[in-house]
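Convention: sequence-line order gives letters A, B, ...; per-chain numbering from 1. All values below come from the heavy atoms of this structure, side chains included, with hydrogens, waters and symmetry mates left out. Computed from a predicted model, the values in this text were never measured in an experiment.
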Number of protein chains: 2
Amino acid sequence: VTTPLIISIDAMGGDHGPGVIVPGVARAADALKARGARVLLHGDETRIKAELARCPAARAISEVRHSDSVISMDEKPGQAMRRGKGSSMWNAIEAIKTGEAHACVSAGNTGALMAISKLLLRMVTKDLERPAIVASWPGMNGHVTTVLDVGANIDCDAERLVDFAIMGEAFHRAVHGVAKPTVALLNVGSEDMKGHGELREAHAILKDGGLPLAYHGFAEGDDLSRGEVDVMVTDGFTGNVALKTAEGTARFIYAEMRSAFTSGLPNKIGAFIAQAALKRLKARLDPNSLNGAPLLGLKGVVIKSHGGADQFGFANAITVAADLAQSNFAAEIETNMQKLSAVLARGSESAGAST
Amino acid sequence: VTTPLIISIDAMGGDHGPGVIVPGVARAADALKARGARVLLHGDETRIKAELARCPAARAISEVRHSDSVISMDEKPGQAMRRGKGSSMWNAIEAIKTGEAHACVSAGNTGALMAISKLLLRMVTKDLERPAIVASWPGMNGHVTTVLDVGANIDCDAERLVDFAIMGEAFHRAVHGVAKPTVALLNVGSEDMKGHGELREAHAILKDGGLPLAYHGFAEGDDLSRGEVDVMVTDGFTGNVALKTAEGTARFIYAEMRSAFTSGLPNKIGAFIAQAALKRLKARLDPNSLNGAPLLGLKGVVIKSHGGADQFGFANAITVAADLAQSNFAAEIETNMQKLSAVLARGSESAGAST
């Protein structure tokens, strides 16, 4: 990417809009300036300018682009595609298409963001119906595992799963700086014959297809947080259930901890110390610190920020956008997708050989 | 079931064998005596008798049945079926077939237990290839959710999912004493059009088929521990990933807690109090307290105890066996399975009506 790097931001998206997004830009401003980057802020000019007046660091690197409308958080994707033209989200994405910007960040409606991005930017491969959603999964020893798809593509054949492997690997390298990320397929056991047919077929391609990926093999649900695999590939159904199961388990354990720490404890000192430890634990697991999920599979960098992210979280999403836009991410995916096509064109002999 | 209730136990199974299983029987002895129950202990007569000598409460209600061999924990199911005849597990199951016993408990090799049980007892329906494995999932406010299948049947069509609903509901009522357990289908959202085809078809049958189940609708991964659904139905692939994801998340949070509580805390009192609270939390989440998973779908009550269960855990598995054997569980499943056949025979009109 030629400098200056331009990041296009939907300033109206998410639960908070400009009130969190502009301070988020301010937090990222020093790092952006150091990379020679600037931002375009799409949305209601009056509201954005009012926020910029309070955030001089953001104002120094921003340009405001007025848009008249906003796509609401509960709008259906189809509706958003038909009626969203001219909205802050639409314009933020369109700036990539026109070449004005190199990456886009939105905390808005996920379904609308996927649909409009696909419409305006198109997909890198015909196999994928929708961009894959990535979760950055915290694990042992501070490790983060890139998990995809966590909800966009419910039914996935072997080819799509390998697409996810290729895209997730390039993303992980660009954002986490790991030269050769390891890739695993989520399954119910590690032996070759475990799982359903599509999974075994993807396993054979990744194992024997000659793609330049560090393929680890099958992994299981508890490997998601073990911190030993860099990229975990799964279909959008299983990934979504796993993600929500983990969130529910964490919430349940917190609730149990709170009651264990507050019932019948003899003195306030202990409870106070336990509270401090709980706070530290929560900070360690704070989703804001891992905020910024790429919609993988688009011809262009589009980053989804969590709708409820705070300014710290939104700044992280901007950093992910800048990391991807300034990496070889897109070219690496294209090269490996071509290699995959060649593997598949050689027919099923090589894929079937190891099963 | 006519008294006396007889429970057939594989005394050699699990990581510990008679050294834990006989004391487990002793722990359950008072409750078993109160129900007029007795146990058959299958396995090495010398070893079992040596343990019984130390456990008079167990000896008072037990009869030893010698068997020469033991199926090892790593034996493949096919091998176990061919070579397992005369083993403690085989004989424990066979006692149900011959009518000598009303329920069987084993902490042995799960694959072998499923295969031999299916061979000797047969399945209640042709739809199911293997018995479903049940997890008792702890949730908010002390609630337990019955989750199935967590690993036996990887591919499930709509009919199998409804089979699980029928069986899980009857199990939950028999063991947890809930008159009308609520049943949900695990999905990635709650709207009718969410998920894949088989799931939507099962949803239509459960919603409109007229089965006498309290159907809640679709639920999501975080509902597993929310404590609001009694029976959560899913295919064996998704259920297995969800279970292992939850286990991994819990392990990760414990590790983070330990480091939060031990790093940089200024005084030993706080750490000590935190340790006590952690111990209480662990006790609350102790898998032994929920030990005893039925293999659902067999013509007969077979309970799998965790291989690593302690004597307290094994006693719980015996209680589950007694609860099921003395309930209307089998008859309820049969009745509802017949109703399901009638629903399916009416054709796809009713199932398709709501989609």
Side-chain angles (χ1 to χ4, degrees), chain A residues 138-141 151 154-155 186-189 194-197 199 220-227 234 236-257 259-267 269-274 276-281 284-285, chain B residues 138-141 151 154-155 186-189 194-197 199 220-227 234 236-257 259-267 269-274 276-281 284-285:
Chain A
M140 302 282 187
N141 306 316
I154 296 304
D155 292 308
L186 185 59
N187 199 347
V188 297
K194 285 280 182 180
H196 46 69
L199 210 42
E220 302 185 53
D222 51 344
D223 291 311
L224 286 163
S225 52
R226 202 185 296 278
T234 185
F237 184 88
T238 309
N240 186 273
V241 168
L243 181 64
K244 287 176 181 157
T245 299
E247 288 170 351
T249 303
R251 218 173 293 138
F252 168 56
I253 294 178
Y254 287 142
E256 290 291 320
M257 274 199 294
S259 83
F261 285 138
T262 51
S263 71
L265 278 183
N267 66 58
I269 298 170
F272 174 77
I273 292 169
L278 277 185
K279 258 190 200 158
R280 283 165 58 157
L281 174 59
R284 165 76 182 87
L285 299 179
Chain B
M140 302 280 188
N141 305 316
I154 296 305
D155 293 307
L186 185 59
N187 199 346
V188 296
K194 286 279 182 182
H196 46 69
L199 209 41
E220 302 184 54
D222 50 344
D223 291 311
L224 286 162
S225 52
R226 201 186 296 278
T234 186
F237 185 88
T238 309
N240 186 273
V241 169
L243 181 64
K244 286 177 183 158
T245 298
E247 288 170 350
T249 303
R251 219 174 292 136
F252 168 55
I253 295 178
Y254 288 142
E256 290 291 320
M257 275 199 293
S259 82
F261 285 138
T262 51
S263 71
L265 277 185
N267 65 59
I269 298 170
F272 175 77
I273 292 169
L278 277 185
K279 258 191 201 159
R280 285 166 56 160
L281 173 60
R284 164 76 183 86
L285 299 178

Ala242(B) to Val241(A) - nearest heavy-atom pair and separation: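 The answer is CB-CG1, 4.2 Å.
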Just so I understand: if I count every heavy-atom pair under 4.5 Å between each of [options] and chain A, which residue has the most?
| options | value |
| --- | --- |
| Thr245(B), Ile154(B), Asn240(B), Asp223(B) | Thr245(B) |
| Gly195(B), Pro138(B), Ala255(B), Gly151(B) | Pro138(B) |
| Leu243(B), Thr249(B), Leu224(B), Val188(B) | Val188(B) |

Checking [X] against chain A: side chain, backbone, both or neither under 4.5 Å from a heavy atom?
| X | result |
| --- | --- |
| Asn187(B) | both |
| Leu199(B) | side chain |
| Leu186(B) | both |
| Ala250(B) | both |

Using a cut-off of under 4.5 Å for heavy-atom pairs, which of Gly248(A), Gly221(A), Gly197(A) has the most such pairs with chain B?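 When all of Gly248(A), Gly221(A), Gly197(A) are compared, Gly221(A) has the most.
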Greatest number of heavy atom pairs closer than 4.5 Å to chain B - which of Glu247(A), Lys194(A), Glu220(A):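 If we count pairs closer than 4.5 Å to chain B, Glu220(A) comes out on top.
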